[in-house]
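Right, one structure below, let's go through it.
Only a predicted model underlies this, so the values are computations on that prediction, with no experimental measurement involved.
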Amino acid sequence: MKKSKITKNLCDVENWLYSDIVKDHFFNPRNILLDEADYVADGVGIVGSPACGDMMVVWIRIDKKTKKISECKWRTFGCASAIASTSMMSVMATENGGMTLARAKKLTPESIIERLSGLPDRKYHCSVLGQNALREAVLDYENGS
Ligand code: FES
């Protein structure tokens, strides 16, 4: 029996478009928060819309002494690229003692994509979701709400 073109493309792992790092963060997402009921955050950022499916929530905790991000949790209804991008973003925000708030607000999708060893061009917007939600969470913390 002959495979349809669509089935062949879906199963064509040799032509997989994603890097090993993207695959790792998609299958083993870091810092994901599945139940926020008991989680006390210092700032929360929400971007996107549940109506169109691309929604992202980021929760941050700030180290009161260093004023750096000590925890960065997230949850999304976005695609695999959004999951991998935000997982990497959460690692970048908290590694090496945590990111300063100024640096977190200037984090770019390009820097996340670079750490992922690339994303297909049409998936660029997926990496913007987590980065924007992180900025919103920092602004939420700074505004004291
Ligand atoms: Fe919309 Fe990735 S988040 S396609």
**Fill in**
Contacts of T108 meeting side chain to side chain donor-acceptor pair (under 3.5 Å) (sequence neighbours excluded), chain-then-number -> S111

**Prompt:** Which atoms form the tightest heavy-atom contact between A133 and M56, and what is the distance?
**Reply:** CB-CG, 3.7 Å

**Message:** Checking K64 against D42 for the side chain to side chain contact (heavy atoms under 4.5 Å, CB included) test, could you report, in this order, the C-alpha distance in whole Å, the side-chain angles of both residues, the deciding distance, and whether it holds?
**Reply:** CA-CA 10 Å; K64 301 299 182 280; D42 294 316; 3.0 Å; yes

**Request:** Output yes when E142 and K67 qualify as a salt bridge under the 4.0 Å nitrogen-oxygen rule, no when they do not.
**Result:** no

**Asked** Hey, what do you get for CG (L33) to CG (D38), rounding to the nearest 0.5 Å?
**Response** 10.0 Å

**Prompt:** Taking only residues two or more places apart in sequence, or in another chain, which ones meet K106 in a side chain to side chain donor-acceptor pair (under 3.5 Å)?
**Reply:** none

**Message:** Under the rule for side-chain contact (heavy atoms from CB on, under 4.5 Å), what residues qualify as partners of I113, not counting sequence neighbours?
**Reply:** L119, Y124, S127

**Item:** Any L134 side-chain heavy atom under 4.5 Å of I69 side chain
**Value:** yes

**Request:** Check side chain to side chain donor-acceptor pair (under 3.5 Å) between T100 and all other residues, then give those that pass, not counting sequence neighbours.
**Result:** none

**Message:** So for atom CD, which belongs to E114, do other residues, nucleotides or ligands contribute more than 12 heavy atoms lying within a distance under 6.0 Å?
**Reply:** no

**Asked** What are the two closest heavy atoms between G118 and V22, and how far apart are they?
**Response** O-CG2, 3.6 Å

**Complete:** On a heavy-atom basis, the closest approach of L116 and I21 is O-CB, 3.9 Å

**Prompt:** Within 45° of the six-membered ring axis of Y39 and under 6.0 Å from that ring's centre, is NZ or CZ of R61 located there?
**Reply:** yes

**Minimum side-chain heavy-atom gap V57-W74 below 4.5 Å** = no

**Approximate separation, where rounding is to 0.5 Å, of N28 CG and K23 NZ** = 12.5 Å

**Message:** Grouping I, L, V, M, F, W and Y whenever their side-chain heavy atoms are under 4.5 Å apart, do F77 and L129 come out in a common cluster?
**Reply:** no

**Request:** Side-chain contact test, heavy atoms from C-beta onward, threshold under 4.5 Å: evaluate it for M99 versus M92 and give yes or no.
**Result:** yes

**Request:** Work out which heavy atom in Q131 is nearest to a heavy atom in P109; give both atom names and the distance.
**Result:** OE1-CG, 3.4 Å

**Pairing residues for D121 by the side chain to side chain donor-acceptor pair (under 3.5 Å) criterion, not counting sequence neighbours** = none

**Message:** Is the shortest side-chain heavy-atom distance between E136 and V47 below 4.5 Å?
**Reply:** yes

**Request:** Give a yes or no on whether the backbone of M55 and the side-chain of T76 come within a donor-acceptor separation of less than 3.5 Å.
**Result:** yes

Could you give the side-chain donor-acceptor pairs of residues 78-90 under 3.5 Å, partners two or more places apart or in another chain?
{"residue": "S85", "atom": "OG", "partner": "S81", "partner atom": "O", "Å": "2.7"}
{"residue": "T86", "atom": "OG1", "partner": "A82", "partner atom": "O", "Å": "2.7"}
{"residue": "S87", "atom": "OG", "partner": "H25", "partner atom": "ND1", "Å": "2.6"}
{"residue": "S87", "atom": "OG", "partner": "R30", "partner atom": "N", "Å": "2.8"}
{"residue": "S90", "atom": "OG", "partner": "R30", "partner atom": "O", "Å": "3.3"}
{"residue": "S90", "atom": "OG", "partner": "N31", "partner atom": "ND2", "Å": "2.9"}
{"residue": "S90", "atom": "OG", "partner": "S87", "partner atom": "O", "Å": "2.6"}

**Prompt:** Checking salt bridge (Lys or Arg N to Asp or Glu O under 4.0 Å) for the pair R115/E110: CA distance, chi angles, key distance, verdict?
**Reply:** CA-CA 9 Å; R115 285 283 297 266; E110 288 79 10; over 6 Å; no

**Request:** Give a yes or no answer on whether the side chain of D24 reaches the backbone of D20 with a donor-acceptor pair at less than 3.5 Å.
**Result:** no

**Request:** Would you mind checking if E36 and K73 are paired as a salt bridge, meaning a charged N to carboxylate O distance below 4.0 Å?
**Result:** no

**Complete:** For R75 and W59 the tightest heavy-atom approach is N-CZ3, 3.8 Å

**Message:** Evaluate I62 against L101 for side chain to side chain contact (heavy atoms under 4.5 Å, CB included), listing each step before the verdict.
**Reply:** CA-CA 9 Å; I62 307 298; L101 302 183; 3.6 Å; yes

**Message:** Do F26 and L17 land in one hydrophobic cluster if side-chain heavy atoms of ILVMFWY residues count as linked below 4.5 Å?
**Reply:** yes

**Request:** With side chain to side chain contact (heavy atoms under 4.5 Å, CB included) as the test, would you mind laying out the steps for D140 and V138 before giving the verdict?
**Result:** CA-CA 5 Å; D140 183 50; V138 171; over 6 Å; no

**Request:** Report the C-alpha separation of D54 and H125 in whole Å, then their side-chain angles, then the decisive distance to 0.1 Å, and conclude whether the side chain to side chain contact (heavy atoms under 4.5 Å, CB included) test is met.
**Result:** CA-CA 10 Å; D54 290 358; H125 78 278; 3.7 Å; yes

